[in-house]
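Everything below concerns the one structure shown next.
Residue numbers run from 1 in the order of the sequence given. Quick note: numbers below take in every heavy atom, side chains included, and nothing from hydrogens, waters or symmetry partners. Just follow the structure's listing: the first ligand is 1, and inside any ligand the first atom is 1.
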Amino acid sequence: MSNYNIETKCVQGGYTPGNGEPRQIPIVQSTTFKYATSEDMGKLFDLEASGYFYTRLQNPTNDYVAAKIAEMEGGTAAMLTSSGQAANFYAIFNIANCGDHVVSCSTIYGGTYNLFAVTMKKMGIDFTFVSPDCTDEELEAAFQPNTKAVFGETIANPALTVLDIEKFANAAHKHGVPLVIDNTFATPVGCRPIEWGADIVTHSTTKYMDGHGAAVGGCIVDSGKFDWMAQAEKFPGLCTPDDSYHGITYAEKFGKEGAFITKCTAQLMRDFGSIQSPQNAFYLNLGLESLHVRMPKHCANGLAVAKFLQESDKIEWVTYADLPGDKYHEVAKKYCPNGTCGVVSFGVKGGRKAAEEFMKKLKLIAIETHVADARSCCLHPASATHRQMNDEELIACGITNNLVRLSCGLENAEDLINDLKQALE
Ligand SMILES: *Cc1c(COP(=O)(O)O)cnc(C)c1O
């Protein structure tokens with residue numbers, strides 16, 4: 001599949017049925033798998049043979065879909081997780097332990113910020129947050145001898161900053177650590193971070209990939225490019241024997257292409273168990289089959305709505321990187337030349353109260369803690385996803401208290417604009 005274009009990978013990647021086999025990927029609704037001998041089973045446990053034994057670790061349906069996403073992102077291996085939160089937690093915890101440090105972009109999803117700044121901090125992992133607009137010197141100054149990774153979002157939810165992936169990749173590699181990119185909003189249809197130097201790519205598949213508000217899920221993709229063994233002293237988890245897995249050294253046994261995902265499955269999925277259900281993986285695959293058709297429509301609706309809001313005298317500001325003059329317009333043209341996404345942020349004149357009043361009046365666009373759905377929806381982050389933050393932390397994440405995040409769905413653009421118009425009036 002690797003020589004096909006992204007549209008073909010969306011439709012046919014990951015699963016090639018043999019003669020007489022189901023055309024659509026089968027849902028393997030089974031917790032366990034049968035073997036003839038204990039020796040056969042033992043080989044699986046020793047990672048000497050590949051195969052399935054228990055769905056908490058791996059399931060064929062999940063693997064078809066993960067393989068498709070790996071092809072779409074241009075990676076060598078991938079795994080599905082139960083949510084985007086689990087994907088980002090695993091991606092970082094697979095390489096950073098208690099006493100380690102991670103550099104993260106400050107404009108990231110509220111749930112990820114909480115995971116890093118509060119929960120993973122309790123686990124002894126420290127994070128330094130840097131602005132996506134930081135200078136090379138500021139970025140350089142964020143690194144410590146115990147830094148194990150750099151993290152950022154291609155298009156930040158909800159700040160809509162667009163990351164200069166190459167700049168962050170160069171800094172990470174200079175310090176011998178991988179760049180982890182959450183590519184949820186751009187999707188591999190809009191941007192493939194691995195082509196710009198990212199080493200690990202994560203997704204909340206709950207968003208555009210599913211695209212129908214049907215199933216929560218996540219994914220981790222390995223580029224297969226990071227040379228763990230060249231940084232063996234930094235990554236003992238990958239480069240020294242794993243006592244909990246019969247003394248396997250992942251980077252030796254599975255190489256650059258497979259070590260990261262194998263360790264993540266064998267250790268973290270085994271111990272934490274945040275597996276995606278095969279049924280949800282099936283729904284996710286239905287979404288992926290039309291991702292390349294839906295994304296241009298989301299982008300077109302986003303641009304039409306952003307242009308309307310920009311003209312309105314009831315709106316203080318609009319953030320949408322596809323708008324000429326947006327702070328991130330040039331970066332977006334480089335990384336997402338075919339459009340960013342359907343999410344537009346704007347500030348309603350009159351502050352927090354005006355934003356809440358305006359949202360109450362919307363008829364077609366629903367208030368939801370969701371984005372990237374076929375149905376348009378909106379959210380006031382200061383009173384919802386980011387309500388645990390004080391004003392100072394909000395500003396650091398690129399959020400003001402009158403910010404409304406509007407996710408343009410697949411409806412008619414004029415209908416969306418008319419709904420906004422009547423609510424603003
Ligand atoms: C939603 C989201 C997440 C978390 O994903 P869930 O599937 O809700 O757990 C992580 N990163 C980004 C950019 C998101 O938009």
Side-chain angles (χ1 to χ4, degrees), residues 62 65-66 69 73 79-93 102 104-120 127 129 132 151-163 165 179-191 193 198 200-221 272-277 280-281 283-284 287-288 291 295 298 302 319 321 335-336 340-345 368-373 377-379 381 384-386 388 397-399 403 405-408:
N62 291 20
V65 182
I69 298 174
E73 287 286 5
M79 66 196 277
L80 298 188
T81 57
S82 57
S83 67
Q85 285 300 110
N88 282 327
F89 171 57
Y90 281 22
I92 298 297
F93 199 61
V102 175
S104 173
C105 188
S106 59
T107 52
I108 52 173
Y109 176 64
T112 310
Y113 179 84
N114 216 47
L115 170 70
F116 289 174
V118 181
T119 301
M120 290 185 81
F127 289 78
F129 294 94
F151 180 90
E153 293 177 10
T154 311
I155 304 168
N157 175 9
L160 301 181
T161 55
V162 183
L163 195 70
I165 299 173
L179 175 65
V180 182
I181 290 289
D182 181 332
N183 196 35
T184 298
F185 267 27
T187 83
V189 170
C191 174
I200 307 292
V201 174
T202 61
H203 282 280
S204 165
T205 62
T206 318
K207 311 297 164 55
Y208 288 114
M209 283 189 164
D210 168 295
H212 299 78
V216 172
C219 184
I220 308 171
V221 182
F272 293 112
S274 319
I275 193 77
Q276 187 165 134
S277 78
N280 277 4
Y283 294 138
L284 167 57
L288 292 173
L291 186 65
M295 285 314 289
H298 281 293
T319 298
Y335 291 102
C336 305
T340 50
C341 63
V343 183
V344 181
S345 292
E368 288 170 26
T369 318
H370 193 38
V371 285
D373 188 5
C377 55
C378 69
L379 180 82
T385 45
H386 289 61
Q388 78 283 0
C397 291
I399 294 161
L403 182 149
R405 180 186 71 184
L406 169 60
S407 170
C408 298

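Taking every non-hydrogen atom of Gln85 and a distance limit under 4.0 Å, the qualifying atoms of ligand 1 come out as 4 (C), 5 (O), 6 (P), 9 (O). Taking every heavy atom of Glu153 and a limit of under 4.0 angstrom, the matching atoms of ligand 1 come to 13 (C). Under a 4.0 Å criterion applied to the non-hydrogen atoms of Gly217, ligand 1 contributes the atoms 7 (O). Listed by atom number, the atoms of ligand 1 under 4.0 Å from Thr184 heavy atoms are 12 (C), 13 (C), 15 (O). For ligand 1 and Asn157, the ligand atoms under 4.0 Å from any heavy atom of the residue are 14 (C), 15 (O). Against a heavy-atom cut-off of under 4.0 Å, Phe185 is close to the following atoms of ligand 1: 15 (O).
Judged by distance alone, the side chain of Tyr335 and the main-chain N or O of Ile155 form no donor-acceptor pair under 3.5 Å. A side-chain donor-acceptor contact under 3.5 Å links Tyr90 to the backbone of Ser274. Listed for the Gln85 side chain is a donor-acceptor partner under 3.5 Å among the backbone atoms of Gly111.
Partner of Thr154 under the side chain to side chain donor-acceptor pair (under 3.5 Å) criterion, chosen from Thr187, Thr161, Thr340, Asn183: Asn183.
Distance from atom 6 (P) of ligand 1 to its nearest protein heavy atom, with residue and atom name: Gly84 N, 3.3 Å. The protein atom (non-hydrogen) at minimum distance from atom 1 (C) of ligand 1 is Lys207 NZ, 1.4 Å. What sits closest to atom 13 (C) of ligand 1 on the protein, heavy atoms only, is Asp182 OD2, 3.4 Å. Atom 7 (O) of ligand 1 has its closest protein heavy atom at Thr206 OG1, 2.6 Å.
With rounding to the nearest 0.5 angstrom, the OG1 atom of Thr107 is 12.0 Å from the OH atom of Tyr113.
Using a 30° and 60° split on the angle between ring planes, Phe127 and Phe116 fall in the parallel class, below 30°.
When all heavy atoms of Leu80 and Ile69 are compared, the pair lying nearest together is CD2-CD1, 4.1 Å.
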